[in-house]
Amino acid sequence: MAARGGDQPVNESKTGGDTDRPIGIFDSGMGGLTVLQALADRLPAEDLIYFGDTARVPYGTKGAQAVRTFARQDAEFLLSLGVKMLVVACNTASAFALDYLTEVCPLPVLGVIAPGVATALEHTRGGRVGVIGTSGTIRSGQYQHGLAASIPEERIFARECPLFVPLVEEGLLDHPLTDLAVREYLTPLREARIDTLILGCTHYPVLKPAIARFMGTEVRLVDSADSLAAAAAHCLADRQLAHEPRERRGELTFYLSDIPWKFTEVGERFLGQPITDVTTVSLDELARERSDPGSVRKDTS
Ligand code: DGL
């Protein structure tokens, strides 16, 4: 099924400038490393800077205003490093802050929701689509709204799955507790006979085996990370912002607002390789007013 209105919500009138500059990616924590990995695979020549707001994770249980403030500070921090494009890897931040960031940032901004919706619409055969995410993402209605542009609302089935994030962070990927949570949350979606399920959270791709076991192989699982990476490649090409191909891979640089106790294990779970060389950014630094021209314009409403 073709996507209607699945275009990237980037501000068409803006360009980011120099092709050599890095791409900035932020998430509420370390789950966005699944998106970083997809970008690194798709765009090997690009330098990527990742910021994870590990001091304030989770965003998924918080209200719109807090998430929007955090997202603005995360974006400002990355802009201060001279990025040419901003990727909002966090679904909850995409749900609550993407429109705002697109409006106020002086460069292209991509989120994960539109690419996930577009991929789901391409893949669904029967037009019965489910979406799962944090409480914030599902209650924002953004995925449902995107899908409803192309399929009737009674064929869209959304569920919040708040226990999935802590289960993944604890590494309980193949565990009876996770199977129980999967059954609890996904039974209504299985009963609704969906044919496609959007994994609308950075953490859910690592639960694919448990989810696929329960939903059955005929249900297509859509992970926004790959679709986002494809959209980022298009956007860079359109705006002549793509880095020249080169022999070596681009650099990956990591910033976190806190180093969690299980940092190494959790990071490896999402990135598939150990993370070394992390710089911490204090919450004071994040909240600092920035006056440089690359900064996010303040919302005065
Ligand atoms: N990154 C969040 C998301 O994709 C999940 C973790 C959180 O709740 O902050 O919605």
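As a basis for the values below, the full set of heavy atoms in this structure was taken, side chains included, without hydrogen atoms, waters or symmetry mates. We count ligands from 1, going down the list as the structure has it; atoms in each ligand are counted the same way.
If you check which protein heavy atom lies closest to atom 8 (O) of ligand 1, you get Gly60 N, 2.8 Å.
Checked by atom type, the side-chain pair Thr134/Thr137 shows a donor-acceptor distance below 3.5 Å. Remark: the Asp53 side chain and the Ser28 side chain contain no N/O donor-acceptor pair separated by less than 3.5 Å. Judged by distance alone, the side chains of Gln73 and Arg56 do bring a donor and an acceptor atom under 3.5 Å apart.
Close contacts of ligand 1 with Val57, meaning ligand atoms under 4.0 Å from a residue heavy atom, involve 9 (O). Applying the 4.0 Å criterion to heavy atoms of Asp27 picks out, from ligand 1, the atoms 1 (N). Interface of Ser28 with ligand 1, defined as ligand atoms under 4.0 Å from a residue heavy atom, comprises 1 (N), 2 (C), 6 (C), 7 (C), 9 (O). For ligand 1 and His203, the ligand atoms under 4.0 Å from any heavy atom of the residue are 5 (C), 6 (C). Counting the atoms of ligand 1 from 1 in the order shown, those under 4.0 Å from a heavy atom of Cys201 are 3 (C), 4 (O), 5 (C).
Residue Asn91 touches ligand 1 through backbone and side chain together, judged by heavy-atom distances below 4.0 Å. Looking at Thr61 against ligand 1, nothing comes within 4.0 Å, counting heavy atoms. Contact annotation: for Thr92 versus ligand 1, heavy atoms closer than 4.0 Å belong to both the backbone and the side chain.
Residue Gly29 places no heavy atom under 4.0 Å from ligand 1.
Not one N or O of Val165 is nearer than 3.5 Å to an N or O of ligand 1, by distance alone.
Under the side chain to side chain contact (heavy atoms under 4.5 Å, CB included) criterion, Ile259 pairs with Leu256, Phe263, Val278, Thr280, sequence neighbours left out.
With values rounded to the nearest 0.5 angstrom, Met85 atom CE is found 8.5 Å from Leu39 atom CG. Here Ile113 contributes atom CD1 and Asn91 contributes atom CG; the two are 6.0 Å apart, rounded to the nearest 0.5 Å.
Put simply, the side chain of Thr34 gets close to the backbone of Thr202: a donor and an acceptor are under 3.5 Å apart.
Residue Phe70 shares its hydrophobic cluster (ILVMFWY side chains chained together at separations under 4.5 Å) with Tyr59, Val67, Phe96.
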